[in-house]
Every structure is written in structure tokens, then in C-alpha cells.
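Only one structure is covered here, and it is reproduced in the block below.
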Amino acid sequence: MTPIEDTLINKKTTNTPIWLMRQAGRYLPEFREIRKLNPNFINLCLNENLSSEITLQPLKRFNLDAAIIFSDILMVPYGLNQKVEFKKNFGPKLGLLNLKEISQTDEVDFLKKLYPIYKSIKKVNNNNLTKNKNVIGFVGAPWTLLVYMINKHSPKQELIKNFFRDEFLINRILIILEKFLKIHIEHQIKNGATVIQIFDSWAGLLDEKDLPSYVYVPTLNLVNYIKSLNIPVICFPRGVKDYKTFCEIVKPDAVNIDYNVDPTTILKKIKIPIQGGLDPKILLSDKENLKKETLKYLNIFKDHPYIFNLGHGVVPETEPNMVEYLVKTVKDY
Ligand code: 1CP
């Protein structure tokens, strides 16, 4: 059993395991070098040699407990034949949403399009750098994918007007997403993913009353499926106000908290293992402050099964030596 697996079955480990969301990415010069030569982000994700190399880059530098596969949650809409592009200084841009075409996607075509991701996972899993560590596969939660598929770009500012107008369309897409997310998860696991994380980055956009139909139920269906394959699942319902209710209904093996969650309060409310929390912006400050904030989380969770991580992804401006210092602080604790 790895330290992450021990933690996920609710066991406190002597050393707190650590991995970071977006640990493979733009803050690493060796990533930027590859990225410069590969302007098409989708093609980069579909290049199993490069995507496996990028996945392993942070493990070469830092003493992390897991690799997270270099891919994107939007590879699923891409596999469903919606056009997906990543524009510089803009982010993702999706094409027309054609329900008829998406409904006709068959499993074989979907898998053919995403096949390099599974090959990449296999390579990562077979590499010595991940020996006795976890390989984390992931998907976007149905709600967050629905947001991108209908909104067609990041909802950072706001959702398009009338987002909820076409209830038939929304319900059809949620059903299709559930089917293909299960297929995507199954193939990640078959090729060596030992933990699955479900990213619901835009759960916080919803009113409380809409959480059951768009977040709780669709996520619960995936969580139950992953559990049936005997693989642990971590959920990150970013921005929800009530993590406790989410955990009681969805019952993931662990929950990642965002940086707006007060760790002391959540500790009293949640019984399952907890992951994350530290504001990624702390990595942009100085070592003294980083140490202070890191020790705060470690102390609060010292008697609770806890996986160290952030409250959202590493930001591109982060100095790699700050990540190194963070990992060292956690390992020396
Ligand atoms: O170089 C570049 O311009 C590409 C930047 C980039 C990277 C490095 C994107 C575009 N995706 C990724 C990789 C990625 N995305 C990983 C790899 C593994 C790792 O964590 O190291 C993962 C797990 C994701 C997941 C992801 N993609 C999420 C969920 C987590 C989160 O950040 O909230 C989301 C929302 C996306 C969509 C997406 N893809 C890329 C960007 C810039 C975004 C966010 C767009 C937005 O702000 O709405």
C-alpha cells in the first residue's frame, strides 16, 4: 500500500503524502520548452511520448507521492466530436454543440480518438519513477463539462444568458457524458491509473437548489462506478458552500477542499479523508510565509487522514524552488 492508498482507507500515515494539482505544467521550464514546440495543446495531450514525459517531469524534480496524467478534462468533449481548441491568453474555445452528432458517437470511435491517453498512462505506470507511488487518472465532473460544452469558453466571468433554457439538451448531454466518462475512467484504470480524481471546478456556480440534479446525482453515479472497480476516488467540488452535504451524499473516498474553506471548521464537520486546501498564491510569496501556511494545514490535520495538496492548481508564475520547499516542508514534518 502507498501512503496515499493508506490515507484513502482512512488510515493516518506517519508521513503526510503530497501531490499537487497542475504539478505538470506551465511553471516548469522543461514543460514550456516542449510546449513551445507543440502549439496544438490537444495534439500534445495525444502524443503519448511527450505527455508521459511531461507527467513525469515533476517527479524527477520533487519527492511527490503521485503522478497525475498530463491530459485535460476537455478531452472528453473532444472525443465526443465537439471541436475543442486552446487559444493562447484565452483558454479553451469549443465549437458548435451538435446534439445529434454527439448522440451518435460510438464507443469504438471515442476510444480510437483518446487511445494515446491510455498508452501514456501505461508508460507512466511502467516507469521506475512511479514505483510505489500512485498514478492519478482523472475526469471532469458532468456538470463542469456541461458548462464548457454549452458555454463554449471559460465561465470565469459568467455563464451565457439562458444557460438552463434547453432542459432537454442538458439532460441528454448529462446522460451521454455519464456513459462516456465511465468508459474513459475504465480505460484509464485498465492501463494503470490507481486513483481517480473527479474535478468539478465550476460546482460553485450553482445555487444550492440545483446541486442535487447537476452535481450530487451525476457525480454519485461516477463515484459508485469507480468504487465498483475497486479504485479509490477523490472529488473536488470546487466552490460549493456545503462540503459536508456533498460528502454525505456522494461519499467519495476523499474530498479536496478549496482555499476558501476554513480547515479548522471543515475538520469538525467531515469524517472522510481530506486533501488539499493551501492557496496556490502562497507559493508566490516567500519561504517563511510558505512554511508558516504549510505547517498550519499540517498541524490542523495532524490527527486526520490527510493528503497534502493545494486549494486549486499551481499557477504558471510559481518558482519551481518554492514547490521544492513546499514538498520538503511536508516531508520533514
Ligand atoms: O500550456 C497551456 O497553455 C495549457 C495549459 C493547460 C494545462 C497544463 C491546460 C489548458 N490544461 C492543462 C493540463 C491539465 N488540466 C491537467 C494536467 C495534470 C496536472 O494537473 O498537472 C489537469 C488535471 C487539468 C484539468 C482541468 N482542465 C480542469 C480541472 C482543474 C482546474 O484547474 O480547475 C479544468 C477546469 C480544465 C480546463 C482547462 N484546460 C486548460 C485550461 C487553461 C483550463 C481552464 C480554463 C478556465 O479557466 O476555465
Side-chain angles (χ1 to χ4, degrees), residues 18-47 50-59 61-62 64 66-78 82 84-94 117 120-121 124 134-160 181 184 188 193 195-205 234-240 256-259 275-276 280 309-318 320 323:
I18 175 170
W19 68 278
L20 304 175
M21 295 188 277
R22 295 284 169 105
Q23 63 186 29
R26 289 176 287 183
Y27 72 106
L28 288 177
E30 58 271 33
F31 168 74
R32 287 201 296 267
E33 219 162 279
I34 295 179
R35 183 76 173 95
K36 214 165 56 193
L37 301 172
N38 295 273
N40 184 322
F41 181 74
I42 296 270
N43 288 348
L44 182 56
C45 291
L46 294 175
N47 179 327
L50 290 177
S51 70
S52 55
E53 186 184 331
I54 294 168
T55 301
L56 293 168
Q57 281 174 346
L59 275 77
R61 278 182 180 255
F62 317 119
L64 296 158
I68 177 154
I69 210 70
F70 183 79
S71 176
D72 199 86
I73 61 166
L74 299 177
M75 296 309 286
V76 166
Y78 168 83
Q82 186 173 13
V84 181
E85 288 176 283
F86 290 86
K87 298 213 152 165
K88 217 180 163 170
N89 305 323
F90 179 80
K93 193 169 184 319
L94 283 79
I117 299 175
S120 173
I121 294 177
V124 168
N134 287 97
V135 175
I136 300 178
F138 67 88
V139 291
W143 163 249
T144 283
L145 291 179
L146 186 74
V147 164
Y148 285 104
M149 289 171 83
I150 293 183
N151 214 48
K152 315 241 178 32
H153 55 80
S154 174
K156 262 184 187 146
Q157 290 82 29
E158 55 172 4
L159 281 186
I160 51 164
L181 286 170
H184 192 43
Q188 293 185 65
V195 174
I196 297 290
Q197 176 144 326
I198 301 176
F199 288 96
D200 210 346
S201 306
W202 300 108
L205 290 178
I234 304 169
C235 283
F236 183 25
R238 185 168 75 97
V240 292
N256 196 107
I257 53 173
D258 66 72
Y259 53 82
Q275 172 176 280
N309 204 319
L310 305 175
H312 201 194
V314 179
V315 300
E317 298 78 23
T318 306
V323 174

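Read the numbers this way: they start at 1 and go in the same order the structure lists the ligands and their atoms.
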Interfacing atoms of ligand 1 (cut-off 4.0 Å, heavy-atom, [X]):
| X | answer |
| --- | --- |
| F86 | 10 (C), 39 (N), 40 (C) |
| I68 | 18 (C), 19 (C), 20 (O), 21 (O), 23 (C) |
| F70 | 8 (C) |
| I73 | 25 (C), 26 (C), 27 (N), 28 (C), 34 (C), 35 (C), 36 (C) |
| W202 | 48 (O) |
| H312 | 31 (C), 32 (O), 33 (O) |

For atom 14 (C) of ligand 1, the option (of G140, S71, P316) bearing the nearest heavy atom
S71

In the protein, which heavy atom is nearest to [atom], and how far is it?
| atom | value |
| --- | --- |
| atom 42 (C) of ligand 1 | R26 NH2, 4.3 Å |
| atom 22 (C) of ligand 1 | F138 CZ, 3.7 Å |
| atom 15 (N) of ligand 1 | D72 OD1, 3.0 Å |
| atom 29 (C) of ligand 1 | S201 OG, 3.3 Å |
| atom 35 (C) of ligand 1 | Y148 OH, 3.3 Å |
| atom 12 (C) of ligand 1 | F41 CZ, 3.4 Å |
| atom 47 (O) of ligand 1 | K156 NZ, 2.8 Å |

Taking the inter-plane angle between the rings of F41 and F70 on a 0 to 90° scale, is it parallel (under 30°), tilted (30 to 60°) or perpendicular (over 60°)?
perpendicular

Taking all atoms of both residues into account, what is the closest heavy-atom pair of [X] and [Y], and its distance?
| X | Y | result |
| --- | --- | --- |
| S201 | T144 | N-OG1, 3.0 Å |
| Y148 | P155 | CE2-CD, 4.1 Å |
| P58 | T55 | CD-O, 3.4 Å |
| F138 | I69 | CE2-O, 3.2 Å |
| V315 | P280 | CG1-CB, 4.4 Å |
| S52 | S120 | N-OG, 3.4 Å |

Ligand 1 versus [X]: contacting region, heavy-atom distance under 4.0 Å:
| X | result |
| --- | --- |
| P92 | side chain |
| R35 | side chain |
| F236 | neither |

Can you confirm whether Q23 sits close enough to F62 that some side-chain heavy atom of one is under 4.5 Å from a side-chain heavy atom of the other?
no

Please examine the side chains of W202 and R238, heavy atoms only from C-beta on, and report whether any two atoms are closer than 4.5 Å.
yes

Please indicate whether any nitrogen or oxygen in R22 is less than 3.5 Å from any nitrogen or oxygen in ligand 1.
yes

Please determine if A24 has a nitrogen or oxygen closer than 3.5 Å to a nitrogen or oxygen of ligand 1.
yes

Just to verify, which of L145, L94, L74 counts as forming a side-chain contact (heavy atoms from CB on, under 4.5 Å) with Q82?
L94

Out of R35, R61, Q57, which residue meets the side chain to side chain donor-acceptor pair (under 3.5 Å) rule with E30?
R61

Indicate yes or no for a side-chain donor-acceptor contact from R22 to the backbone of V314 under 3.5 Å, with no hydrogens or angles considered.
no

Below 4.0 Å from ligand 1: does a non-hydrogen atom of I69 turn up there or not?
yes

